[in-house]
There are 2 protein chains.
Amino acid sequence: MITIYDIAKKANVSAMTVSRVINNNGKISELTRQRVKQVMEELNYVPNSNARSLVLQKTHIISLLITDITNPFYTTLARGAEDTAKRLGYKLLFGNSDENYAKEKDYVDMILSTRVDGVLFAPAGDGSAVHLQQLQKHRIPLVLLDREVPGIQADTVLGDSKEGARRLVEHLLALGHRRIALINGSEDVSTARQRHTGYKEALKLNDIAYDEALVLHANYRDIQDEAALDRLLHLPDPPTAVFAANNFLAIGAIQGLRAQGLRVPDDMSVVCFDDLGLASALHPFLTVAAQPAYQFGSLGMQWLIDRIEGRAQEEPRTIILPSELIVRSSAAARPREGK
Amino acid sequence: MITIYDIAKKANVSAMTVSRVINNNGKISELTRQRVKQVMEELNYVPNSNARSLVLQKTHIISLLITDITNPFYTTLARGAEDTAKRLGYKLLFGNSDENYAKEKDYVDMILSTRVDGVLFAPAGDGSAVHLQQLQKHRIPLVLLDREVPGIQADTVLGDSKEGARRLVEHLLALGHRRIALINGSEDVSTARQRHTGYKEALKLNDIAYDEALVLHANYRDIQDEAALDRLLHLPDPPTAVFAANNFLAIGAIQGLRAQGLRVPDDMSVVCFDDLGLASALHPFLTVAAQPAYQFGSLGMQWLIDRIEGRAQEEPRTIILPSELIVRSSAAARPREGK
DNA sequence: TAAGGTAATGTTATCGATAACTCCAAAATA
DNA sequence: TATTTTGGAGTTATCGATAACATTACCTTA
């Protein structure tokens, strides 16, 4: 590999002069600048950012950790983060925790040893607190995405889970539904708790009793317990609508319903949080609360870099990005009872 | 930041001894090992992989460059690459070229200066040759994914574009279609050329004349020229089926057809390369040639690391991964002519 | 014309780790 | 007992860059 010393020797200058040409600082005569530049071209020189990082104590690398790379919400978020990082001169070190604390821990160790300049972190859940504390102990600039973690103070970019949930449920109520099931992510995750709260609030505001039997506790990747879904559907007083706490759960629910021979929305209405990407383009079917995923990533990255470069005030900021209710055809009016 | 020197001082040993404990090599008495380890814990020491990389000339970072992070094919591929990299002890530096040579060039520069150990590269097209040559000039281990580039010799993981295209078209022919449109990606991309060839071969084998008017030249992200699609649909002898060269083009085509009031598959059959991820789970509709995207990533990563670690033979390997024809309902028998 | 200024460049130390070599004392061997 | 071996350390140079200071040579200006 070519180093500044190779360049220096061939151009008959000192390494420092080469460094000055590269960084375009210090006084240099036009003649030597040209000579050095020419030698750099000839030898195909590329600076070693490793060596530079070591002395500058800055890597220009930002780590992005998301929980599910196959979820369109997170890939769109990643795209926003990546675009903004690139625009501001940072590289992206990428990680995917699969909603799994052990994998998340491995990434945190890697992040620490890589000496990244900052971390964009979508936590797997409340259990991420230890990992986040570790990052903070090392004073690594941090922005949380999508989920808060109790006990962790940091810049945070959130969606309006409670409000969004409330609106989705009220949409179902307006269609006449009274028995509405909730298929939720793990209560270990802040968004799941807030969507649960929004669900309850909507019921309360409309004088409908909350029934724990209508709530299925799953996780954001899949329903897992198919039997529980079946039981829910065969309750004495079964639901006529389902609110799924995210896109994957909605897909899981629809597949489960299909397996039972139930049609959506004829036999069961379904709504959910997060849009589906391509699926919605192909078949604008599912009524959703769509979150501005790209903005989660781009704003989070912007905030992080502000902090890295000392442009942020001391205390952490939090923003709640609104979601948009997109009414399509997966939720319909409640069928008349055959009484 | 804590360094081995801090540890060394506090443990009353030399830095070298600390290094030996960290790397678990060299002779060390159990006593000092324990003492050093304890001090490392106390001070929350994390090795600086930057410094280590500089002396070892190895970063344990692999760069993954894909062309579209919003395409489920590439995200699934990325997941495969990421899982395998993690399993084998490498970190992933991530890039998204957006099918754009300028962005791709920026990433290549970044890759070079980061001194990554290897590159997993999904090229934007034939114009990527200059970038790939640059990587090869610097002797960076390289594996091409999904697309070949004329003039570049490297390990390559490909799909069976020609064969897959042939089978999709023959599926349409078997359904009675005789006028089959092709909506193709840029001919600057090897897979688009091969899918075009497969399309022609299928026609030829079935004694159907190739009609250039039925071929729409777009790119893999979108159809761009909507007017061209309209013209194609209003040909004197219009197509009864469309073969879209990838998933995005299929979605674009279906949207275009819908805008014209045409129903799929009643008025027009549609098939394409690459499955749709969530969309197919929600609504198993589009008949596709599904590629093993995860395997593209995991196998490519495996090959790359083999090469990095000197376990690969000299000459480049190429593998062609088969695709699977998944027949769903977007292609139907050709409607009878009203003659 | 001597003292100081300045443009252009060079020297040395440093970032945090590791390789290669050196050193010393205790144990093994002749 | 003298010599060699070896376990358990320490020293020094190095990776490739940059910061801080040092050094020229030439140019001003009182």
| said: Tell me whether the side-chain N/O atoms of A:Q57 come closer than 4.0 Å to OP1 or OP2 in C:dG16. | reply: yes
| request: Establish, with yes or no, whether the OP1 or OP2 oxygen of C:dT18 is under 4.0 angstrom from a side-chain nitrogen or oxygen of B:S19. | output: yes
| task | Specify the angle, to 10°, made by the local axes at the two ends of the helix from C:dT1-D:dA30 to C:dA30-D:dT1 when five pairs are taken at each end. | result |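 That helix gives 50° between its end axes.
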Could you check whether [X] gets within reach of a base, just the sugar-phosphate, or nothing at all, counting any heavy atom under 4.0 Å?
X: A:T32; result: sugar-phosphate
X: B:S29; result: sugar-phosphate
X: A:V18; result: nothing
X: A:I22; result: nothing
X: A:I28; result: sugar-phosphate

| field | Selection from D:dA9, D:dA19, D:dG16 that lies nearest to any side-chain heavy atom of B:T17 | value | D:dA9
| query | Between C:dG10, C:dC15, C:dA19, which nucleotide has the shortest distance from any of its atoms to the side chain of A:V55? | reply |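 In terms of side-chain proximity for A:V55, the closest of C:dG10, C:dC15, C:dA19 is C:dC15.
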| For the base of D:dG10, is there a side-chain donor-acceptor partner from B:R20 under 3.5 Å away? |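 Answer yes: a donor N or O sits under 3.5 Å from an acceptor.
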| said: Are A:F296 and A:F73, when compared by the centres of their aromatic rings, separated by less than 6.0 Å? | reply: yes
| remark: Whole-Å distance, B:R35 CZ to D:dA9 C1', equals 11 Å
| Rounded to the Å, how far apart are B:N50 CG and D:dT18 P? |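 From B:N50 CG to D:dT18 P: 14 Å.
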